[in-house]
Amino acid sequence: MFNLAARYSLAKLPAVETARLLVAPLVPGDAEAVRALTDDPAITGAIDFLPDPFTLQAARQLIGPAKVKTDCFLGARARDNPHSGDLVAIVGLHLRGDHAVELGYWVGGSARGRGYGAEAVTAAIGLLRQRFPHRFVVAECRPENAASRGLLLKVGFRDTGDEGHRPGRRIFAYEPKPD
């Protein structure tokens, strides 16, 4: 059980293991791995807050400990080689007011199309449901981004039809499937 303060913070989220991944909050020592994964025009061109090129300084700022209360980035590493430093995906979690938490993600080039993104996002949703059982989980996606849209639908989000806060994006809401 989390204390009351934890209900309003993303700090101290636990690591979680899935069938193939270790998903854990990024730490300052991950900055080079974050830079290596993220400095890809396919990623920086799709995510509006990421600079291009994505530098080591930008990675440090993304991870920054001051942000962990309302924003947290999780790194997903393949469990068969979790200490290689190579990340396969990153999932961002962002508290939005008192009622929602936004989830976003990106997957490294060589890991795309292998199901790592869906596995990492599903793990992150599990963490969010434990920490914030009464918050809505939302994501924003460009409707023409078929891979991202497909991932969201696969893990249980639905397109609300509402415009997102970022230009050209729609809001997707997580609706857990009945057990």
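We use all heavy atoms of the structure for the numbers below, so side chains are in, but hydrogens, waters and symmetry mates are not. What you see is a predicted model; the values in this text were computed from it and never measured.
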Rounded to the nearest 0.5 Å, what's the gap from [atom1] on [X] to [atom2] on [Y]? Could you check?
X      : Y      : atom1 : atom2 : result
Leu56  : Gln61  : CG    : CD    : 10.5 Å
Leu50  : Leu62  : CG    : CG    : 6.5 Å
Lys154 : Arg149 : NZ    : CZ    : 16.0 Å
Phe172 : Leu151 : CZ    : CG    : 10.5 Å
Ile90  : Ile47  : CD1   : CD1   : 8.5 Å

- Contacts of type ring pair (Phe, Tyr, Trp, His ring centres under 6.0 Å), residue Phe157, not counting sequence neighbours: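 Testing Phe157 for ring pair (Phe, Tyr, Trp, His ring centres under 6.0 Å), a comparison that skips the adjacent residues, returns Tyr174.
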[X]: which residues meet the side chain to side chain donor-acceptor pair (under 3.5 Å) condition with it, sequence neighbours left out?
X      : result
Asn145 : none
Gln57  : none
Asp30  : Arg77
His99  : none

- Message: Walk me through whether Leu26 and Leu87 qualify under side chain to side chain contact (heavy atoms under 4.5 Å, CB included).
- Response: CA-CA 10 Å; Leu26 293 169; Leu87 297 170; 4.1 Å; yes
- Query: So, does Arg131 use its side chain to make a donor-acceptor pair with the main chain of Ser9 at under 3.5 Å?
  - Reply: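 Yes, Arg131 side chain to Ser9 backbone: donor-acceptor pair under 3.5 Å.
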- Message: Determine whether a donor-acceptor pair (N or O, by modelled atom type, separation under 3.5 Å) exists between the side chain of Thr160 and the backbone of Ile171.
- Response: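 Flag set: sc Thr160 to bb Ile171 pair under 3.5 Å.
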On a heavy-atom basis, which atom in [X] and which in [Y] lie closest, and how many Å separate them?
X      : Y      : result
Cys72  : Leu13  : SG-CD1, 4.2 Å
Leu153 : Arg158 : CD2-CA, 4.2 Å
Ala24  : Ala15  : CB-CB, 3.7 Å
Pro143 : Arg170 : CG-CG, 3.4 Å
Ala139 : Leu152 : CB-CD2, 3.8 Å
Ala76  : Val23  : CB-CG2, 4.1 Å

- Do the ring planes of Phe73 and Phe49 sit parallel (below 30°), tilted (30 to 60°) or perpendicular (above 60°)?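 Geometry flag for Phe49 against Phe73: tilted rings.
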Taking only residues two or more places apart in sequence or in another chain, which ones pass salt bridge (Lys or Arg N to Asp or Glu O under 4.0 Å) with [X]?
X      : result
Arg169 : none
Glu17  : Arg79
Arg114 : none

- Decide side chain to side chain contact (heavy atoms under 4.5 Å, CB included) for Lys69 and Leu10; before the verdict, give the C-alpha distance in whole Å, the side-chain angles of both, and the deciding distance to 0.1 Å. CA-CA 5 Å; Lys69 186 173 181 184; Leu10 289 164; over 6 Å; no
Ignoring hydrogens and angles, write down the donor-acceptor pairs under 3.5 Å from the side chains of residues 101-111, residues two or more places apart or on other chains.
{"unit_1": "Glu102", "atom_1": "OE1", "unit_2": "Arg96", "atom_2": "NE", "d": "2.9"}
{"unit_1": "Glu102", "atom_1": "OE1", "unit_2": "Arg96", "atom_2": "NH2", "d": "3.0"}
{"unit_1": "Glu102", "atom_1": "OE2", "unit_2": "Arg166", "atom_2": "NH1", "d": "2.8"}
{"unit_1": "Glu102", "atom_1": "OE2", "unit_2": "Arg166", "atom_2": "NH2", "d": "3.3"}
{"unit_1": "Tyr105", "atom_1": "OH", "unit_2": "Ser148", "atom_2": "O", "d": "3.1"}
{"unit_1": "Tyr105", "atom_1": "OH", "unit_2": "Ser148", "atom_2": "OG", "d": "2.5"}
{"unit_1": "Trp106", "atom_1": "NE1", "unit_2": "Thr38", "atom_2": "OG1", "d": "2.9"}

- Task: Go through the steps to decide whether Thr55 and Asp39 satisfy the test side chain to side chain contact (heavy atoms under 4.5 Å, CB included), and finish with yes or no.
- Result: CA-CA 7 Å; Thr55 64; Asp39 191 27; over 6 Å; no
- Query: Would Phe136 and Val121 show up in the same hydrophobic cluster when neighbours are defined by side-chain heavy atoms closer than 4.5 Å?
  - Reply: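 No.
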- Query: Below 4.5 Å, heavy atoms only, C-beta onward: do Leu127 and Leu74 meet side chain to side chain?
  - Reply: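 The answer is yes; the side chains approach within 4.5 Å.
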- Taking the side chain as every heavy atom from C-beta outward, state whether Val34 and Ile63 have any pair of such atoms under 4.5 Å apart.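 The answer is yes, as the side chains (C-beta and beyond) meet within the 4.5 Å cut-off.
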- Task: Just jot down the side-chain contact (heavy atoms from CB on, under 4.5 Å) partners of Pro51, sequence neighbours excluded, or say none.
- Result: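 Counting only residues at least two positions away or on another chain, Pro51 forms a side-chain contact (heavy atoms from CB on, under 4.5 Å) with Phe54, Ala58.
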- Item | Which residues share a side-chain contact (heavy atoms from CB on, under 4.5 Å) with Asp40, sequence neighbours left out |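 Expected list: Ala42, Ile43, Arg112.
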- Provide the full list of salt bridge (Lys or Arg N to Asp or Glu O under 4.0 Å) pairs with a residue in residues 118-128, sequence neighbours left out, each pair given once.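 For residues 118-128, and leaving out neighbouring residues, the salt bridge (Lys or Arg N to Asp or Glu O under 4.0 Å) pairs sorted by first residue read Arg20-Glu119.
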- Message: side chain to side chain contact (heavy atoms under 4.5 Å, CB included), that's the test. Do Arg135 and Leu95 meet it? Break it down for me.
- Response: CA-CA 9 Å; Arg135 283 185 184 251; Leu95 296 183; 3.9 Å; yes
